[in-house]
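Worksheet for the structure shown next.
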Amino acid sequence: MANTKLIRRCIVFMLALSLVLSDKFVGGRRIGTKESKELDKPHKGTVKTIQGKDGDVIDCVDIYQQPAFDHPLLKNHTIQMESSSIPNVTNGESYNAELFQGWHVNGECPEGTIPIRNSRADEYYAPHTTPQVTLEQDYVAGYEYATAYMEKGHFYGANAYLNLWNPVINDGHLSTSQIWILSGTLSDTNMIEVGWQVTTLSKEPELFIFWTRDNGKVGCLNLNCPGFVQTSRRIALGSSLSPVSRYMGSQFEIGITIYKSYGNWYLRVQNEVLGYWPRSLFTNLAAVGEKVMWGGTVYSSGTKDGSHTSAQMGSGSFPNEGFGKASYIRNLQYMNGDGTFEDADKGLRTFATRPACYNISLENNKKGAYRTHFYFGGPGFSIACP
Ligand SMILES: *[C@@H]1O[C@H](CO)[C@@H](O)[C@H](O)[C@H]1NC(C)=O
Ligand SMILES: *[C@@H]1O[C@H](CO)[C@@H](O)[C@H](O)[C@H]1NC(C)=O
Ligand SMILES: *[C@@H]1O[C@H](CO)[C@@H](O)[C@H](O)[C@H]1NC(C)=O
């Protein structure tokens with residue numbers, strides 16, 4: 001049973017790879033070389049291995065032997081264990097203060113280690129790319145977006161609660177809900193992405209991070225290649241998040257805050273500082289972000305009959321269905337040069353590649369606990385979206 005699943009995963013992965021592999025999105029340096037159906041060997045520096053409930057295997061890796069330190073720019077890097085001043089954000093109440101990842105059922109990573117998910121084939125399939133919101137014609141083929149953004153500014157951080165759903169997708173597709181911070185021109189865009197994603201091979205939404213400094217020509221998902229320095233022993237990148245929201249039922253969400261401190265870009269998930277991207281990784285983003293963006297993407301490698309993909313974005317419902325039905329992103333805030341978070345309000349614009357397939361709707365009521373927020377998503381293929 002487990003074996004069949006692995007073989008299927010492998011076949012799907014090879015298909016996905018042959019469909020999507022181009023120099024536009026090479027998610028990590030080892031893409032295309034993975035053939036094994038077996039789990040990888042434990043990561044270098046593994047002191048303990050934890051078997052997750054959902055097939056995840058987590059290696060607890062000595063924090064000083066994590067992948068980041070394989071990066072030539074980080075050879076002499078000293079870990080910044082805690083950002084000294086975690087900025088305050090206005091988040092209102094949270095629907096699930098305790099972020100849950102299945103592997104915690106079977107153990108914890110000891111002090112001095114970080115959890116790294118033992119790679120599955122799909123970790124090497126990382127079709128993230130840089131959306132150029134000022135040049136709409138440059139949206140890369142196969143990608144659809146429904147986003148809200150601010151541009152031509154000086155952004156030192158971004159914050160939001162992402163409503164957590166498990167959209168249904170097809171083979172070779174990707175659906176995300178996320179935050180972006182970008183800087184630079186088309187050829188040298190520096191970018192950080194954080195959010196949840198569902199890929200062909202994931203059964204539940206997974207926490208992901210991504211960074212690039214050359215507009216996605218070389219991009220790095222999670223800890224698959226060196227760069228991000230993880231400091232938390234509680235949250236595993238690439239591992240599933242639960243519980244997910246139900247249509248007209250309980251709603252769940254994750255709080256994400258990205259903020260610049262002493263030059264580095266820190267990431268906080270819920271109340272836990274997960275780690276940071278050292279300043280030295282970046283060119284443009286070493287200084288400041290010029291754009292911040294929140295929203296959803298769907299990537300489609302194409303359908304057999306050429307019709308639009310039926311991969312869902314968000315919850316799969318259109319924004320006009322509203323709370324409990326459509327997926328939301330709330331408490332949109334950015335950090336200004338004083339290190340203070342402000343509501344993303346003036347200058348916030350929306351963009352949807354094909355509103356008849358996936359749409360976005362900014363809500364006018366900004367006074368409640370949700371402050372600046374929007375609904376986004378859709379079902380993809382329909383009569384209106386052929
Ligand atoms: C690391 O330190 C060594 C010895 O001080 C130095 O030669 C090297 O240039 C440093 N590397 C980086 C990337 O700073
Ligand atoms: C955050 O808010 C708390 C409570 O209002 C305050 O004590 C603290 O100094 C604030 N932190 C920052 C970094 O502004
Ligand atoms: C998309 O959403 C906007 C904002 O709510 C709305 O005005 C527009 O009619 C929607 N478009 C479609 C095709 O549903």
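Note: hydrogens, waters and symmetry copies are ignored here, and every other heavy atom, side chains too, is used. Read the numbers this way: they start at 1 and go in the same order the structure lists the ligands and their atoms.
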Do the side chains of Lys152 and Glu290 get close enough for a salt bridge, i.e. N-O under 4.0 angstrom? no
Ligand 3 versus Asn320: contacting region, heavy-atom distance under 4.0 Å: neither
Check ligand 3 against Ile360 and write out every atom of the ligand that is under 4.0 Å from a heavy-atom position of the residue. 2 (O), 4 (C)
Is any side-chain N of the basic residue among Lys44 and Asp70 closer than 4.0 Å to the acidic one's carboxylate O? yes
Take every heavy atom of Leu362, measure it against each atom of ligand 3, and state whether any distance is under 4.0 Å. no
Pick from Leu162, Ile329, Ile209: which one makes a side-chain contact (heavy atoms from CB on, under 4.5 Å) with Ile256? Leu162
Which atoms of ligand 3 sit under 4.0 Å from any heavy atom of Ser361? 5 (O)
Taking 4.0 angstrom as the limit, do Glu363 and Arg330 come out as a salt bridge? no
I'd like to know if atom 5 (O) of ligand 3 has any protein heavy atom within a distance of less than 4.0 Å. yes
Which of the numbered atoms in ligand 3 are under 4.0 angstrom from any heavy atom belonging to Asn359? 1 (C), 2 (O), 3 (C), 8 (C), 10 (C), 11 (N), 12 (C), 14 (O)
In this structure, is the centre-to-centre distance between the rings of His308 and Tyr358 below 6.0 Å? yes
